[in-house]
Every structure is written in structure tokens, then in C-alpha cells.
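Right, one structure below, let's go through it.
Quick caveat: nothing in here was measured; it's all calculated off a predicted structure. Convention: sequence-line order gives letters A, B, ...; per-chain numbering from 1.
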Amino acid sequence: MKERLHSLQQEAEQKVAEAKNLADLQQVRVSYLGKKGPITEVLRGMGKLSKEERPVIGELANKVREAIATAIDEKKEAFEAAELDKKLQTEQIDVTLPGRPVQVGGPHLLTNIVTEIEDLFIGMGFEVREGPEVETDYYNFEALNLPKDHPARDMQDSFYITEELLLRTHTSPVQARTMNEFKGNKPVKMICPGKVYRRDTDDATHSHQFTQVEGLYVDKDVRMSDLKGVLNQFAKQFFGEEREIRLRPSFFPFTEPSVEMDISCKVCHGDGCSVCKKTGWIEILGGGMVHPDVLQMAGYDPKVYSGFAFGMGPERIAMLKYGIDDIRHFYTNDIRFLKQYDQA
Amino acid sequence: MLVSLNWLKKYVDLGDITPEALADKISKTGIEVESIMHIAEQSTNVVVGYVDSCEQHPNADKLNLCQVDVGNEQLQIICGAPNIAQGQKVAVAKPGAVLPGNFKIKKAKLRGVESQGMICSLQELGVEEAYVPKDIADGIFVFPNDVEVGADVASYLNLDDAILELGLTPNRSDALSMLGVAYEVAAILDEPVQLPDVTVPTIEEEVTKHISVSVEALEANPYYGAFLIKDIQVGPSPLWMRNYLMAAGIRPINNVVDITNYVLLEYGQPLHAFDFDKFNSNQVVVRQANEKETIVTLDDQTRNLKPEHLVITNGKEATALAGVMGGANSEVTESTTTVLLEAAYFDGKTVRIVAKDHQLRSESSTRFEKGVDPNRVEKAGLRACQLLAEYANGTVLSGIATFDQLDKSEKQVTITTSRINDRLGTTITDHDISIILERLGFTFEQSGETFVVNIPTRRQDISIFEDMLEEVARIYGYDNLPYTLPKGGQQAGRLSPVQKLKRQVKQYFEGAGLMEAITYSLTTKERAKLLVSPEIKEKAVTPVRLSMPMSEEHSTLRISILPEMLASLSYNVARKQQNLGYYEVGSVFVSEETEVTKQPDEKLRASGAITGKWVTHAWQQEVKEADFFLLKGIVEGLFERLELTATYKQAVIDDMHPGRTAQIIVNNVPVGFIGQVHPRLQKAFDLKDTYVFDLDLDYLFAIHSDEPSFTKIPRYPTVSRDIALVVSEQVAAGAVEETIKAEAGELLHDVHVFDLYQGENLPEGKKSLAFNLLYSNPDRTLTDEEVEASYQAILAAVKSNHDAELRG
Ligand SMILES: [Zn+2]
């Protein structure tokens with residue numbers, strides 16, 4: 001019987017090797033491993049064997065059965081792999097065709113600039129505060145040392161609604177409001193971004209509506225050198241480590257001394273070129289030490305407290321940074337303009 | 001203020017500093033130099049020529065053929081100027097000369113005759129048309145006789161000058177004079193100021209014999225000085241004076257007028273010259289104008305006066321608008337022989353009113369408005385007398401007829417070195433400060449570190465410690481201040497919860513495919529009424545209007561962001577950009593008053609609009625038009641982000657499609673709307689189908705909980721059941737969904753519509769709505785019985801509430 005089993009194995013393996021497809025293999029499986037197959041037959045005939053022979057033959061029969069089954073399975077996997085290969089060949093696509101577009105929006109350029117400024121000052125310990133766009137004459141002017149007949153009110157002709165109400169001409173009223181709220185007894189360290197309005201005819205460099213970010217720091221012992229240090233840190237982070245700043249005297253009714261800050265020209269690094277009108281410097285923002293009258297009016301004792309304030313225009317900064325030639329681009333919402341700067 | 005450096009050199013030694021370097025120093029120390037003009041840096045080879053002869057061109061009526069002696073040679077030049085004549089000394093551009101604008105002069109033939117160069121006008125030499133004296137505006141420039149033939153014209157015509165244009169801030173009115181600029185530059189360069197030597201030759205005859213002065217408006221006119229100069233010969237002023245005036249942007253007229261203008265520029269003190277013979281009186285009376293009084297001013301305009309206007313009179317009628325413009329009745333002309341010269345201090349506010357009411361801003365009014373130096377008024381008068389004597393043959397009467405109640409005293413400001421250092425963050429010494437004060441030309445008393453500084457009256461801008469702090473700091477140099485960081489405790493900066501939410505909402509919209517727009521808050525009266533959310537419309541009776549808009553286009557404050565957003569869509573569509581999706585987060589201005597008296601309520605809204613194709617994908621034929629459900633999906637996503645539940649109620653809202661608009665409700669509070677813009681309005685904006693939404697962010701932020709609540713992730717499997725219901729077409733899916741939610745019991749954790757069907761196999765007027773129901777129990781596995789019970793309860797409820805049948 002041993003011989004019989006060995007030859008059955010050989011026969012079966014021969015047939016597996018000859019099988020040309022899955023059907024042939026199935027045929028082999030049925031004829032050798034099926035219930036009516038020769039191995040089953042061998043096992044049935046085991047009754048005639050001696051007690052000693054029975055387990056030996058049984059074991060052998062199982063080994064042969066397993067060997068045949070393994071041979072069939074291996075061959076089957078090979079057939080299936082070949083078949084899959086063939087099928088995948090027919091499924092080829094043109095990977096160079098475009099993908100399905102995902103509709104993606106993005107922030108407005110001004111939002112990007114303002115957000116970046118906010119985050120830099122938050123990093124320096126400033127909080128962000130906002131206030132109304134329709135302001136009282138008191139907070140927009142008087143609390144900032146601009147009494148009713150002050151000639152400097154000429155500088156910022158405004159949109160009045162009534163004699164006492166107007167569209168704010170700067171975001172400084174938020175500073176006055178905050179100081180009032182703090183009642184003159186705790187430090188103020190804030191920036192206030194927002195929309196402001198001035199009586200200008202819209203053209204390439206003027207807009208009746210624009211954006212401002214102003215900052216205020218009031219505490220005991222605030223020095224002008226602190227203003228210089230903070231603005232320098234901001235300028236280097238915002239515009240680049242290699243940029244230098246310089247302060248020039250200026251005039252604002254709510255600060256004394258007042259300054260304007262220039263940064264060194266990116267193009268010529270201070271040598272002078274057409275971008276900086278041959279000066280080597282580009283004006284970025286205005287600021288100064290908070291005027292004692294402003295502190296006084298907001299309830300801060302100017303003998304104890306001092307502070308600095310500054311303000312900048314995100315439109316101007318964006319125009320300088322990207323070489324934008326017309327301020328009106330910020331408000332037409334031309335999709336071709338917005339898409340150039342919509343990386344958040 | 002235009003500053004001629006050649007002129008400035010009369011008062012300060014500028015050394016050999018270049019105009020550019022000086023400008024840089026001035027800018028860094030206090031006054032911004034806006035530009036540097038080199039009057040005629042490009043003219044070369046232009047010399048003084050003597051016109052030997054001048055005859056008509058043989059072939060042209062309007063041209064002259066001149067023989068001109070230019071020193072070393074004789075040139076034949078053809079000239080078309082009407083004022084050319086034999087015997088004149090003129091500016092000749094020789095062949096090879098280059099004039100401003102890179103205009104090269106060559107020999108040329110004009111109508112058959114050779115011309116060897118050009119006789120120049122001032123304009124051709126680079127002087128601006130507006131500053132050229134009127135009598136030679138159409139002709140060539142003629143030199144006075146004392147110039148040397150053959151010499152370069154540059155120095156005679158001041159063409160070698162550089163002009164600095166100063167951008168003066170309102171506080172620095174002291175620099176509205178050459179002397180003021182001289183003090184500034186002297187402080188910067190650490191040089192002394194040389195004041196003009198004013199010695200006036202006078203005759204014994206006294207002014208007061210001929211004229212008296214009285215002032216009825218003390219506050220408006222605390223000082224009035226009248227000088228008398230006789231034997232005047234009106235004629236051209238000296239060439240150097242004309243040059244300086246032109247450099248400063250003032251057109252020369254005649255010696256009398258030029259001298260008053262010259263002194264105005266030199267001292268910053270406006271003067272006025274009356275023709276005394278026409279003044280018709282022996283008294284000057286300064287008073288407020290009478291009701292209905294009129295004056296004819298130098299420009300021949302009749303001006304109606306008001307009591308706020310200050311006038312100079314001869315006791316009977318007005319002869320000048322104080323500080324602004326003289327009257328025609330006493331104008332100085334060619335035939336004037338006696339001049340009544342006024343040097344006065346007029347109050348800034350008074351002059352401002354007159355100048356504004358009559359729209360007469362001038363060099364004079366500007367200076368009065370900003371405040372002139374009380375100690376220079378009389379000096380300026382004397383200086384003019386000196387010049388009139390020297391350059392207009394004047395004989396000056398002695399004395400001055402005055403009214404004088406002017407405070408000319410100097411203020412004192414006390415500073416200490418330690419306080420200066422505390423405020424600046426510097427380590428300046430007492431000695432440094434004394435040097436700085438000396439450079440500024442300020443006198444002071446020092447004791448130790450304390451300085452009592454006498455502020456010169458020319459510096460009206462300095463009155464408190466901080467003003468002196470600025471003076472010290474700017475002369476010390478802002479560049480020399482150290483960089484420090486604040487000493488105060490470093491608290492952490494932050495955004496407020498609302499600011500954080502605002503950023504999140506914006507990021508959500510951008511992720512959902514919308515581009516951020518920023519539109520104007522000011523719109524037209526008509527647009528302001530459009531697309532207003534019902535809960536806003538209820539309150540904002542009238543949109544807030546500006547009292548004096550510049551244009552109707554920006555006259556009214558928005559109560560909805562959407563109208564200007566549609567305008568932006570329209571702008572893009574007109575530029576062939578048809579597929580658009582925008583959002584904006586911003587304030588609208590709600591006033592419940594019809595006549596605004598208090599600040600409007602500023603409400604934070606989020607609005608959005610889509611139009612055109614949302615997805616275009618040609619090769620796969622996938623084109624998705626923007627539609628209601630697309631936009632609703634975006635809005636629903638926002639509510640999901642904010643963890644809020646909104647319901648949508650079919651609504652009719654002005655300017656919106658009546659069948660495709662929903663009001664949005666959260667917690668029974670209306671918070672906005674969504675829908676298609678009414679086709680009529682779409683057409684008005686030239687838009688195809690456009691869908692919009694508008695949401696009340698104030699309210700949504702207020703009820704949004706800061707802390708996201710944690711719901712356990714279900715551990716037991718969810719059971720999904722579908723239910724298809726046949727209902728009348730009128731029944732809203734949302735209503736059926738509400739019923740399902742209400743009746744399903746607490747095991748139902750989600751329900752949503754997954755199919756809508758109308759048509760074949762359904763009765764007329766019916767539709768089928770298929771819902772997917774998801775059941776779960778966090779604590780155990782659900783049983784079939786539980787789910788079935790809920791399912792049956794739902795069926796019963798939708799049957800009774802909506803007459804819904806299970807679809808067979
Ligand atoms: Zn440059």
C-alpha cells in the first residue's frame with residue numbers, strides 16, 4: 001500500500017504540473033482528494049492491515065493527501081496571480097489627466113497682514129482689542145488731545161453723521177476707551193486693528209476706507225528706548241532680520257515726542273534706489289510717547305505713568321511688500337487679485 | 001515751504017555739505033525734506049549776450065534776426081520773442097548748449113537763414129511757468145544792465161541753487177520762515193545764526209503826524225503797526241530778490257510787492273502795503289465787519305462780510321480782509337508814491353474763519369493761522385522799510401503808529417537731566433543738555449541737573465516738559481537712543497474668545513471653498529435697503545446716513561454686507577470671472593432711531609454669496625452649478641463647527657426668490673437667512689443665479705459654548721433603519737424630520753434625508769422622502785424589539801402629523 005500511495009502522489013503531482021487552468025486543477029482535486037478518490041479508497045482498505053501497520057499507513061496517507069493539496073493550492077495561487085495581472089493590465093488609466101478639483105477659498109490679503117501683525121504683538125505680550133467704527137467726537141478727537149478747533153483736525157477730514165458722531169478716523173479711540181476702562185490704575189498693553197474712514201476721494205493712493213493697526217503700552221517707567229526696542233523687534237520679525245529701522249521726529253497731537261519709523265530699503269539696503277526714492281529708507285509707521293494730556297484725560301497720572309503708542313497701515317505695508325500699485329485693489333475684491341495672496 | 005540753499009547761506013554757514021546730506025540731516029532731526037530740486041542742473045553753455053542789432057527776418061514777419069555779442073564771438077540768432085530789442089542783455093544758449101529736459105542746441109536754418117543758438121526765456125532755463133513774472137511770461141528774460149557779457153548765466157539767475165521742499169507738520173510753523181529754518185539748520189550743524197542787519201534810514205517827519213491806529217477787536221488783533229514810506233518809485237525789484245522769490249515759488253510783481261513777500265518769507269511775518277494816497281484817511285481802524293458790509297478785494301471779487309470777519313478800515317470803509325487779502329480801493333500800482341505798510345499780529349482762529357469763508361488760503365493766511373512770532377512783527381516791518389528805502393527809492397518816516405497789547409514774553413519750561421534720561425532711556429549728562437540748549441539757541445538758567453529754559457517766542461510749539469524732551473531727544477539724535485524692552489512684567493498677550501472664534505469661522509469658510517472679501521461699509525442709500533435680514537430690518541428703521549457725504553456712492557452705512565458683496569460679484573463677472581464664492585465677516589450698523597443721536601449698534605455678521613459653476617471639470621463632464629443646497633451645506637457645516645443646531649423655515653424676504661429662501665432659526669431666535677437672490681435683483685447686478693446667506697455672529701458666538709462637551713464614543717454597534725414615506729408635495733422634509741426626532745425616543749441618535757422622489761409610480765401631488773435612522777445605546781447592545789417599537793412610534797406620528805404613508 002505504501003507503493004500505491006507513493007505512486008498516487010507522483011501521479012497527482014504530475015497532473016498538477018500539467019494543469020493548464022483552474023478547471024484542470026479542480027479536476028485533479030476531485031479525482032485525487034474527493035470522497036471517491038483513490039486515497040480515500042486506500043484508507044478504507046486499512047481494515048485489512050495489522051495493528052502495527054495501520055498507523056504507519058494512516059500517517060503516510062495523510063502526508064500524501066497534504067502534499068497533493070499543497071501542490072494544488074500553490075498552482076492555484078500562481079494561476080490567480082497571473083489572472084489578476086492580466087486584469088490589472090486592462091485597468092490602466094492616464095495618470096497625467098487632472099485630478100478632481102477641490103474648491104478652496106482663502107483669506108483676504110489685508111487679513112493676512114493684520115493677522116501676522118497681531119500674532120507678532122501677541123508674542124510680545126500685547127492683547128488685541130477692538131472698538132466701534134462709529135465713534136463719538138470725544139473719543140475720536142478730544143480724548144486724543146484734539147479739541148474742537150484744533151488745526152490738526154484738518155489733517156484728517158472726517159465723515160460726520162451728527163456733530164457728535166463720526167466714522168472713526170483712526171483706531172486710537174479704542175486706546176482711549178481701554179485706558180478709561182482700566183481707570184488709571186493698571187498697565188495697558190494692547191493693539192487695536194480695524195477699519196477707519198477719511199474724507200478722501202478714492203484713487204491709486206487714497207481710499208475713503210482703510211485699515212489701521214495701532215498699539216499702546218502704558219505703565220510705570222515706559223521709556224522712548226522701549227518704543228524703539230519694541231518697534232525694532234516687530235520690524236525684524238515682520239520684514240526680515242536684515243532690515244534696519246530708524247526713527248525720525250514727527251508730529252501727532254496725541255504723542256510727544258512723536259516719531260516716524262523707516263525701515264531700510266529691501267532693494268538697495270540703504271544705498272538708495274527708485275523704490276525708496278533714493279533715500280535708502282521706507283516710511284512704515286508713526287508713533288511716539290503718549291502725550292501727558294491724553295494720559296490725564298484717561299485718568300492716568302502722567303507723573304507716575306508714561307507710555308508709547310504707534311500706528312500703521314496694513315494697506316501701505318502690503319503695497320510695499322508686494323509692489324501693489326493701487327490701493328483700490330483691496331476693495332474691488334477682484335478674484336484674480338485675491339487669489340494671488342490667499343495662502344493662509 | 002521751499003528753501004533756497006543760496007538764500008539760507010546768508011544766515012548760516014552751510015560749509016561744504018551737499019544738499020542731499022543736509023536734507024538727510026534735517027529729515028532725521030525734525031523736519032521732513034520731501035524733495036530736493038536743483039533749479040537747472042542740466043543747463044550748460046548758457047551765457048549773457050548783448051543784442052547788437054535786431055531786425056526783422058527777411059522771410060518771416062514774426063521772427064527777428066539778431067546779432068548777439070557773447071563776449072568772445074558774435075552770433076547770428078533768430079528769435080521769435082515779442083519783447084526782444086536791440087541793446088538788451090539776454091541769456092544765450094550757444095550751439096552745443098544743453099537745456100533742461102536734455103534739449104540740445106545746434107546751429108540750424110530757419111526759413112533759409114542760419115541761427116547760431118537760442119535766446120532763452122526763463123521757462124526754457126528750467127523756471128516753472130507759474131513763477132515767471134507775468135510781463136515776460138511770453139517772452140525772453142532781459143537782464144539788468146550791470147551783468148557782464150559772456151559770463152555764465154547760472155549765478156545771475158540763481159540756477160546753481162538747490163531748493164529743499166520741507167514737509168512741515170502743523171506744530172513747526174516756526175519753519176515757515178527762512179530765519180526759522182536758519183535756527184533749525186544752525187542747531188543741526190552746530191553753527192551760529194547771522195541775523196540780517198536792519199538799520200533803517202529815516203527822516204525826522206513822524207508817521208504819527210499822518211496816521212493813527214485804533215483797534216476795536218483786542219483779541220483778534222493785539223498788535224497793529226503802521227509805517228509810512230514816501231517818494232516810492234515802483235519798478236522791478238533787484239534780480240537777486242526776484243530769483244529768491246521764484247525759488248520759493250512766488251511770482252515777482254514789482255519792488256513794493258516783492259519786498260513784502262520777501263520779508264514774509266524771511267521773517268514769516270505777513271505784511272500789507274496800502275497806497276496811502278488812495279487810503280483816503282488819517283486813521284486805521286481795525287474792527288469786526290458789519291452785517292451786510294462788502295469789500296472788493298485785490299482779485300476784483302466783491303465779498304460779503306459777516307461780523308466774524310475782521311477788517312482793516314480807514315474809519316469809514318473796509319480796505320482789507322485782515323491777514324488775508326487787501327482791498328482793490330487801496331491797491332499799490334505803478335503810480336503809487338506813498339506806502340502805508342502794515343505789520344500786524346492777527347489771531348489764528350480769526351484769520352482761519354475769513355480764509356475759509358472766502359476760500360482765500362494764501363501764504364499770509366497760512367502763517368497767521370499757525371501763529372506768527374510776536375517778537376518779529378515789528379522787526380519785519382522795519383526790515384521792509386529798509387528794503388523799500390534801498391530798492392524802491394523810499395523815504396521812511398520815523399516812528400510807528402501802533403496799537404500794542406501783544407504778549408511778547410517768553411515762557412519757561414523746567415527740565416532735569418534725570419527726568420529726561422528716565423523718559424528717553426538714555427544716559428545724557430548735564431553738560432550734554434546745556435550744549436543741546438545752546439545749539440537750539442535757547443537761553444537757560446542751570447543749577448545742577450535742573451534747567452529753567454526760556455522758550456523763544458518763535459517756538460510757539462513748546463510749552464511743557466514733553467516738548468522740551470522732544471527737543472533734547474531730536475538734537476541728541478533718535479539714532480543714538482538705545483534699543484530696550486519694557487521693564488514692566490511680561491504678561492502673556494492673547495486674543496479674546498470672540499476674536500478666536502472669528503478666526504475659526506473665517507478659516508472654516510475658506511476651507512469650505514469661499515474666498516474672503518472686504519467691501520466698503522459705506523454704500524448708496526438704495527443699496528443700503530437691499531438684502532437685509534428680517535431681524536435686522538425690524539430694528540434698523542432707517543440706515544444711518546452721513547451728514548455730508550462726498551458722493552452718493554458712499555453715503556449710507558450698511559445694515560447688510562450683501563449688497564456691496566453682490567457689487568463685487570458683478571465687478572468680477574464684468575471681467576469674465578463668472579464662478580465665484582465669497583464670504584465676509586464684518587460689522588453692520590443698526591440704529592433704532594429715525595434721527596440718529598447715539599452710536600448705532602454695531603453687529604457682527606457673516607455673509608456669503610456664490611454664483612456660477614462651483615465645480616467645473618470638463619474631461620469628466622462633471623459640472624456642478626452653485627445652488628441652494630450647496631450653500632446650505634456650507635452654512636450647516638458652520639453650525640456643526642459651532643456645535644449649534646439650526647432650523648430652516650421657508651420664508652418670504654424682500655429681494656429674495658420667494659420659493660427658494662429660508663429664515664434660519666437657532667434656539668427659537670432668528671439668526672439670519674439663506675436663499676437665492678430675487679431674479680429681478682440678480683438682473684440689476686448683471687448676475688446669473690446667485691445664492692446668499694447672512695448670519696448674526698454676535699448671537700451665535702454668545703450661545704456657543706467655549707468648552708467642547710465630550711460625548712462617549714459608542715462601544716456598542718449602531719443599528720441603521722431606513723424609512724420611505726409618501727407625503728403630499730407641500731410637506732417640508734424638515735417638518736417630517738422634526739416629528740421623527742420628537743417621537744423616536746432617546747435611542748435615535750441621528751436622522752437624515754437620503755432620497756427625494758417624485759413622479760412615476762406615485763400619485764399626483766405626492767412625493768417620497770426616504771430617511772436613514774441611526775439607533776444606538778451607549779450602555780448595551782440594542783434589541784430588535786426596541787428599534788421596532790421606535791420605528792412604529794415614528795410611523796404613527798408621521799401618519800397623524802403629516803398624513804404620511806409608508807411607501808410600498
Ligand atoms: Zn532702495
Side-chain angles (χ1 to χ4, degrees), chain A residues 97 100-101 103-108 110-111 121-128 132-134 149 151-152 159-162 165 187 195 199 201 208-209 217 219 221-226 228-230 232 246-251 256-257 259 291-292 306 330-336 338 342 344, chain B residues 27-30 169-171 349 369 423-425 466-467 469-470 473-474 478-479 481-488 490-495 499 506 509-510 513-521 544 546-548 550 554 568 571-572 577 580-582 587 589 596 599-600 602 614-615 617 619:
Chain A
L97 281 170
R100 276 192 194 88
Q103 192 76 11
V104 190
H108 192 285
L110 284 175
T111 300
F121 280 101
I122 287 171
M124 288 191 267
F126 286 73
E127 59 175 330
V128 179
E133 291 169 41
V134 175
D149 55 358
F159 289 120
Y160 275 90
I161 293 163
T162 67
L165 293 178
K195 291 171 186 160
R199 247 185 123 74
T201 304
H208 74 277
Q209 173 180 326
Y217 177 43
D219 203 345
D221 294 331
V222 178
R223 301 156 296 176
M224 198 165 164
S225 55
D226 297 336
K228 198 171 167 181
V230 165
N232 186 50
R246 75 168 186 186
L247 300 184
R248 281 182 293 108
S250 187
F251 172 75
E256 186 71 37
V259 303
H291 196 287
S306 56
F330 294 102
Y331 296 96
T332 55
N333 298 301
D334 189 321
I335 191 77
R336 295 162 301 178
L338 294 178
D342 62 353
Chain B
S27 284
K28 275 167 72 176
T29 317
T169 49
N171 58 326
K349 281 179 207 166
E369 282 180 46
R423 283 288 191 263
L424 296 181
E466 282 73 13
D467 298 327
L469 181 70
E470 178 166 58
R474 70 189 188 89
Y478 285 5
D479 282 351
L481 295 181
Y483 295 95
T484 60
L485 287 177
K487 290 191 269 191
Q490 290 296 328
Q491 66 273 52
R494 63 189 169 82
L495 290 173
Q499 287 161 349
K506 289 170 144 203
F509 283 133
E510 286 151 18
L514 301 180
M515 188 68 75
E516 185 187 15
I518 299 180
T519 59
Y520 292 132
S521 309
V544 177
L546 299 179
S547 68
M548 282 193 308
M550 289 179 79
H554 309 300
S568 286
Y571 178 94
N572 278 284
Q577 305 291 318
L580 303 158
Y582 280 129
S587 293
F589 305 82
V596 179
Q599 284 168 280
E602 296 187 19
W614 187 251
V615 174
H617 200 13
W619 72 270

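Going from atom CD1 of A:Ile122 over to atom CG of B:Leu495 covers 3.5 Å, rounded to the nearest 0.5 Å. For the atom pair CD of B:Gln577 and CG of A:Asp334, the computed distance is 6.5 Å after rounding to the nearest 0.5 Å.
Summarising the geometry of A:Val134 relative to B:Pro600, their closest heavy-atom pair is CG1-CD, 3.5 Å, with the distance given to 0.1 Å. The nearest pair of heavy atoms linking B:Tyr582 to A:Asn333 is OH-O, 2.5 Å. When all heavy atoms are compared, the tightest approach of B:Met550 to A:Phe159 is CG-CE2, 3.9 Å. B:Asp479 and A:Leu247 make their closest contact through OD1-O, 4.5 Å (heavy atoms, listed as atom of the first residue, atom of the second, distance). Scanning all heavy atoms of the two residues, the minimum distance from A:Val128 to B:Gln499 falls at O-NE2, 2.9 Å. For B:Gln599 against A:Leu165, the heavy-atom pair with the smallest separation is CG-CD2, 3.6 Å.
Side-chain contact between A:Pro107 and B:Lys506: absent, with no pair of heavy atoms (C-beta onward) separated by less than 4.5 Å. A 4.5 Å side-chain heavy-atom check between A:Arg246 and B:Lys28 finds at least one atom pair inside the cut-off. Considering only heavy atoms from C-beta on, B:Glu516 stays 4.5 Å or farther from A:Leu338 through its side chain. No side-chain heavy atom of A:Pro257 sits under 4.5 Å from any side-chain heavy atom of B:Arg474. A heavy-atom distance below 4.5 Å is found between the side chains of B:Tyr478 and A:Met224. With contacts defined as side-chain heavy-atom distances shorter than 4.5 Å, the pair A:Asp226/B:Leu485 does not qualify. In this structure, the side chains of B:Val544 and A:Ile161 come closer than 4.5 Å at one or more pairs of heavy atoms.
Under the 30°/60° scheme for interplanar angles, the aromatic rings of B:Tyr520 and A:Tyr331 are found to lie parallel.
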Exercise. Given side chain to side chain contact (heavy atoms under 4.5 Å, CB included), test B:Asp467 with A:Glu256 step by step and report yes or no.
Key: CA-CA 6 Å; B:Asp467 298 327; A:Glu256 186 71 37; 3.1 Å; yes
Practice problem: Go through the steps to decide whether A:Glu133 and B:Glu602 satisfy the test side chain to side chain contact (heavy atoms under 4.5 Å, CB included), and finish with yes or no. | Solution: CA-CA 8 Å; A:Glu133 291 169 41; B:Glu602 296 187 19; 3.7 Å; yes
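Heavy atoms closer than 4.5 Å to chain B are found in the backbone of A:Phe126, but not in its side chain. Proximity to chain B is absent for every atom of A:Phe121, based on heavy atoms less than 4.5 angstrom apart. Of the two parts of B:Leu580, only the side chain, counted from C-beta on, holds a non-hydrogen atom closer than 4.5 Å to a non-hydrogen atom of chain A.
Formation of a donor-acceptor pair under 3.5 Å by the B:Lys487 side chain with backbone atoms of A:Asp221 is not found in this model. Judged purely by atom type and a 3.5 angstrom limit, A:Gln209 uses its side chain to pair as donor or acceptor with the backbone of B:Ser521. B:Asn572 places a side-chain N or O within donor-acceptor distance of the main-chain N or O of A:Ile335, the cut-off being under 3.5 Å. Within the 3.5 Å criterion, the main-chain N or O of A:Ser225 finds a donor-acceptor partner in the side chain of B:Thr484.
Legend: residues meeting ring pair (Phe, Tyr, Trp, His ring centres under 6.0 Å) with B:Phe509, ordered by chain and number and at least two apart, are B:Tyr583, B:Phe693.
Ranked by non-hydrogen atom pairs under 4.5 Å with chain A, the options B:Leu424, B:Leu469, B:Ile518 are led by B:Ile518. Most heavy-atom pairs under 4.5 Å with chain B, from the set A:Asn232, A:Thr201, A:Thr162, A:Leu110: that is A:Asn232. Comparing B:Met515, B:Met548, B:Lys349 by how many heavy-atom pairs each has under 4.5 Å with chain A, the most go to B:Met515. Options A:Pro292, A:Ser306, A:Pro249, A:Gly229 differ in how many heavy-atom pairs under 4.5 Å they form with chain B, and the most are formed by A:Pro249. Residue with the most contacts toward chain A among B:Ala517, B:Ser547, B:Gly581: B:Ser547 (heavy-atom pairs, distance under 4.5 Å).
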